[in-house]
Trainee: 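Below: one structure in structure tokens.
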Amino acid sequence: METLVRTEAKTKVQFQVFSDLEKISHKAAEMFVNVSRTCSISQGKFSVALSGGSTPKRLYSLLGSVEYRPQIDWQRVHFFWADERCVPKDHKESNFKTVFDTLLSKITIPGENIHRIRGEEDPDKAAIDYEEDVRKFFGMSGLPMFDLVILGMGEDGHTASLFSGSKALEERGRLVVPVYLEKPKINRITLTLPVLNNAAQIFFLVTGRSKATILSEILGNGRKKEQYPAGLIRPIQGRLLWLIDQEASGKLKRQGECC
Ligand code: 6PG
């Protein structure tokens, strides 16, 4: 494994190349344990926003496993979501269901620590309600600062539910907005760029050859990075770490050593 660090302006962008998703997931779980412990001790709580999709499922399962579960003080962990599909919470497409099945069903955590996006409700109302919940937790003024955000990247370069060409990408005032996707016809709810980029730490988990071209444009020196929503994720002061597998890193100039 090789950590290639590139400092861009104030943002320190790091990426680490791993041989496969299993190693990425264990590394992410170890770092989750460490950052949750540090935050729980220093501030008495740890706020994390999770993404859906398939890539982070193994991470969530590991966090709920006997290997990692006992290392985390779940009473102090507050789960949020980076985005959600507008479906019932037991629907197979629900990001809440993904986290419930892999992690929440395996741990003991206070109900008030689960800040679910109510995908079953009207999208506009669900976005307003979730923003209120986020504000109540972080304070009514200024931008919320999540201790950690876990993101994935779609094959088109989207992240959370921020898609190229979407009005949601331009939103700078609201923390949470509804998004309507033509294909497949579905409503979603997403955190906006200002909130995501205000996070203290962001882990991007990206695997697969199908993402190699876009990833090389985002992590390379190309000027096209900003055409992809994932390329717009640049924490203002926080740390951004890309955990990628060898296939996804296939077009990056400097090939890291595989671990
Ligand atoms: C979602 C996610 C989304 C996901 C990417 C990557 O709700 O679908 O938030 O942004 O992270 O689509 O998905 P994979 O991990 O399945 O490639």
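Every number for a ligand or one of its atoms is a count from 1 in the order of the listing.
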Trainee: In the protein, which heavy atom is nearest to atom 1 (C) of ligand 1, and how far is it?
Mentor: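 Closest protein heavy atom to atom 1 (C) of ligand 1: Arg85 NH2, 3.3 Å.
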Trainee: What protein heavy atom sits nearest atom 5 (C) of ligand 1, and how far away is it?
Mentor: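 Looking at atom 5 (C) of ligand 1, the protein heavy atom closest to it is His158 NE2, 3.5 Å.
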Trainee: Just checking His78 against Phe137, ring centres under 6.0 Å apart?
Mentor: yes
Trainee: With sequence neighbours excluded, tell me which residues meet salt bridge (Lys or Arg N to Asp or Glu O under 4.0 Å) with Asp129.
Mentor: Lys125
Trainee: For Pro56, is at least one N or O under 3.5 Å away from an N or O on ligand 1?
Mentor: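 In this structure, Pro56 places no N or O atom under 3.5 Å from an N or O of ligand 1.
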Trainee: Determine the minimum heavy-atom distance between Val87 and Glu93, stating which atoms define it.
Mentor: CG2-C, 4.2 Å
Trainee: Quick one, Arg118 and Tyr130 - any side-chain contact, counting heavy atoms below 4.5 Å?
Mentor: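 A side-chain contact under 4.5 Å is absent here.
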Trainee: In terms of residue, atom name and distance, what is the protein heavy atom nearest to atom 15 (O) of ligand 1?
Mentor: Thr55 OG1, 2.6 Å
Trainee: Just to confirm my output: which protein heavy-atom neighbour is closest to atom 17 (O) of ligand 1, and how far is it?
Mentor: Lys211 NZ, 2.6 Å
Trainee: Does the side chain of Phe80 come within less than 4.5 Å of Leu50's, by heavy atoms?
Mentor: no
Trainee: Hey, is Arg188 one of the residues with a heavy atom under 4.0 angstrom from ligand 1?
Mentor: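 Yes, Arg188 has a heavy atom closer than 4.0 Å to ligand 1.
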Trainee: Please say whether more than 12 non-hydrogen atoms of neighbouring residues, nucleotides or ligands are located less than 6.0 Å from NZ in Lys106.
Mentor: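 Yes, because the 6.0 Å sphere around NZ of Lys106 holds more than 12 heavy atoms from other groups.
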Trainee: Looking at atom 9 (O) of ligand 1, what's its closest protein heavy atom, distance included?
Mentor: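 Protein heavy atom with the smallest distance to atom 9 (O) of ligand 1: Asp83 OD1, 2.8 Å.
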Trainee: With heavy-atom distances below 4.0 Å as the criterion, list the atoms of ligand 1 near Gly152.
Mentor: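 Answer for ligand 1: 11 (O).
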Trainee: Work out whether the distance between some heavy atom of Ala160 and some atom of ligand 1 is less than 4.0 Å.
Mentor: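 The answer is yes, since Ala160 has a heavy atom less than 4.0 Å from ligand 1.
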Trainee: What's the shortest distance from atom 13 (O) of ligand 1 to any protein heavy atom, and which residue and atom give it?
Mentor: Gly53 CA, 3.8 Å
Trainee: Tell me if the centroids of the rings in Phe32 and Phe46 come within less than 6.0 Å of each other.
Mentor: yes
